[in-house]
Number of protein chains: 4
Amino acid sequence: MILNLDLASEVPLYQQLRDRIVEAIAEGVLTEGSPLPPIRALAADFGINFHTVNKAYDLLRQQGLIRLNRKTGAVVTSTVADSPFREDWTARARTLLAEAVARGLPADEVLTTCDSLLASFRTSHSGDTP
Amino acid sequence: MILNLDLASEVPLYQQLRDRIVEAIAEGVLTEGSPLPPIRALAADFGINFHTVNKAYDLLRQQGLIRLNRKTGAVVTSTVADSPFREDWTARARTLLAEAVARGLPADEVLTTCDSLLASFRTSHSGDTP
Amino acid sequence: MILNLDLASEVPLYQQLRDRIVEAIAEGVLTEGSPLPPIRALAADFGINFHTVNKAYDLLRQQGLIRLNRKTGAVVTSTVADSPFREDWTARARTLLAEAVARGLPADEVLTTCDSLLASFRTSHSGDTP
Amino acid sequence: MILNLDLASEVPLYQQLRDRIVEAIAEGVLTEGSPLPPIRALAADFGINFHTVNKAYDLLRQQGLIRLNRKTGAVVTSTVADSPFREDWTARARTLLAEAVARGLPADEVLTTCDSLLASFRTSHSGDTP
DNA sequence: GTGGTCTAGACCACT
DNA sequence: GTGGTCTAGACCACG
């Protein structure tokens with residue numbers, strides 16, 4: 001698993017880390033039961049504070065995407081999207097899509113982009129379980 | 001134009017305000033040349049400080065969505081999405097879509113949701129001039 | 001004389017107008033004694049308020065670049081840069097050049113750009129009086 | 001780092017502050033990674049409100065010259081001039097140079113002044129690490 | 001102890 | 001009557 005962090009970005013490191021891991025899960029690179037690297041190891045890899053990694057893992061735990069355990073470390077869990085999540089997500093998607101439309105992107109181009117992005121997830125995912 | 005702000009939200013007020021206005025533009029409720037309410041008037045409507053509204057308007061100005069003018073007030077401008085915006089937007093969309101997939105939402109359902117949201121923009125927009 | 005105004009720009013119209021006229025003088029398109037278009041005619045050309053043009057002309061008058069007269073209209077005057085102007089200009093140049101350097105432009109490239117811009121003025125100017 | 005602000009100037013304080021910091025970066029007084037004074041400390045130094053300093057810092061952040069962080073405070077970042085900046089800067093340089101020429105400054109004197117100003121940046125910069 | 005947000009209220013420039 | 005600037009002071013989030 002290769003994660004790209006941008007140290008110069010405006011986005012907080014823990015947020016980037018969470019985002020990259022979420023993307024890895026969506027892509028199927030990480031599946032249910034997959035172990036995540038130990039916090040300290042990952043922190044050492046990036047040369048960042050382990051508290052930062054800890055915070056990212058904690059965010060993922062709160063969202064039910066991983067389980068933290070002293071023995072097993074952090075492992076990916078399977079989740080079902082509950083209703084509150086759907087509502088929240090749809091509201092955020094609404095804002096993001098609105099931004100694209102307001103900035104002049106044609107709706108069909110936006111939808112095509114979404115489709116491509118989703119396809120990139122599906123492809124990598126389906127490849128794992130033939 | 002009715003804008004919903006959540007005073008108890010984690011999201012800063014000025015951010016919410018910006019988001020609601022972006023959505024209004026996407027919906028076609030606000031079109032090129034549409035005047036936005038004066039800063040102080042809008043602040044009074046919501047019972048918030050005019051500096052907060054000012055910050056939201058300033059964000060919109062930075063993104064080229066509105067123009068601020070002492071004479072004419074704030075008016076919506078037409079914009080064309082430039083290349084940096086497209087890249088940035090796609091990256092953000094990627095993260096958002098990944099979150100949905102990682103949380104267990106089927107890709108086709110996600111795409112349907114996006115389509116519906118985009119359609120809701122199109123509908124309101126085209127509905128203005130039958 | 002063709003002046004390009006950007007109605008969508010952040011820069012005030014009267015400022016743009018002043019800038020374009022200053023550039024025309026530097027280029028030699030307008031020389032000492034050249035008449036400027038009547039305020040109302042210029043305003044009509046651009047479809048802007050004549051007060052805006054008036055303000056631009058007034059700025060130019062304050063800086064000694066033109067003379068306003070009921071009979072002759074606005075005519076370009078020859079000026080010699082006085083000491084206060086030199087100081088003020090140098091300070092502004094310092095800030096502008098600093099911005100280029102701070103943003104990573106190499107000093108020699110910046111100087112070359114300045115040279116090219118100045119050459120473009122010289123060329124047009126010298127062509128008028130062979 | 002000594003910054004000169006003119007409280008009586010037409011130029012907004014936050015703008016002056018931004019300009020002085022940009023100059024300090026160009027001079028090499030501030031280099032990549034250099035910490036800027038905390039907003040409130042700088043405000044106290046000048047006897048101005050911290051919101052004013054905040055606005056100056058925010059401008060610098062928007063232009064990619066500094067990074068703001070709750071942990072590390074404000075630090076100078078290295079930037080590469082992108083194409084839009086180059087165009088914008090050249091347009092502004094054109095106007096500024098035109099003003100000098102229109103006011104009667106000989107082109108070669110103008111160029112010499114630019115050269116001197118740029119040299120003053122280079123000198124201070126290279127002089128730090130002999 | 002840092003920057004970020006929000007409130008409150010002043011005066012100014014422009015028109 | 002508009003947005004723009006500046007001051008003053010509060011509380012919060014982050015680390």
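Everything numeric in this text was worked out from a predicted model, so none of it was measured. By convention in this document, chain letters (A, B, ...) are assigned in the order of the sequence lines, proteins followed by strands, and residues within each chain are numbered from 1.
Between A/Asp88 and A/Arg92, at least one side-chain nitrogen of the basic residue sits less than 4.0 Å from a carboxylate oxygen of the acidic one, meeting the salt-bridge criterion. By the 4.0 Å N-to-carboxylate-O rule, C/Arg103 lies close enough to D/Asp82 to be salt-bridged with it. With salt bridges taken as basic N to acidic carboxylate O contacts below 4.0 Å, one links B/Asp58 and B/Arg61.
Within the 4.0 angstrom heavy-atom criterion, base atoms lie near D/Phe50. Counting any heavy atom pair closer than 4.0 Å across all strands shown, C/Asn49 reaches no nucleic acid atom.
With a heavy-atom cut-off of 4.0 Å to chain C, the contacted part of DNA chain E has its first and last nucleotide at E/dC14 to E/dT15.
Of the two residues contacting DNA chain F, namely D/Arg40 and A/Lys55, the nearest-nucleotide position lying further toward the 5' end is that of D/Arg40. Mapping B/Ile39 and D/Ile48 onto DNA chain F by nearest heavy atom places B/Ile39 at the nucleotide closer to the 5' end. Along DNA chain E, the nucleotide closest to D/Arg70 and the one closest to C/His51 are compared, and the more 5′ of them pairs with D/Arg70.
Pair check for E/dC14 finds F/dG1; Watson-Crick or G-U wobble, both atom distances under 3.5 Å.
Taking each heavy atom of C/Phe50 and C/Ile39 in turn, the nearest pair found is O-CG2, 3.5 Å.
The NZ atom of D/Lys71 sits 10 Å away from the C1' atom of F/dC14 (whole-angstrom rounding). Rounded to an integer number of Å, the gap from CD of A/Gln15 to C1' of F/dG15 is 16 Å.
For the residue pair C/Thr95 and D/Glu23, a side-chain donor N or O sits within less than 3.5 Å of a side-chain acceptor on the partner.
With rounding to the nearest 0.5 angstrom, the CD1 atom of A/Ile21 is 9.5 Å from the CZ atom of A/Arg18.
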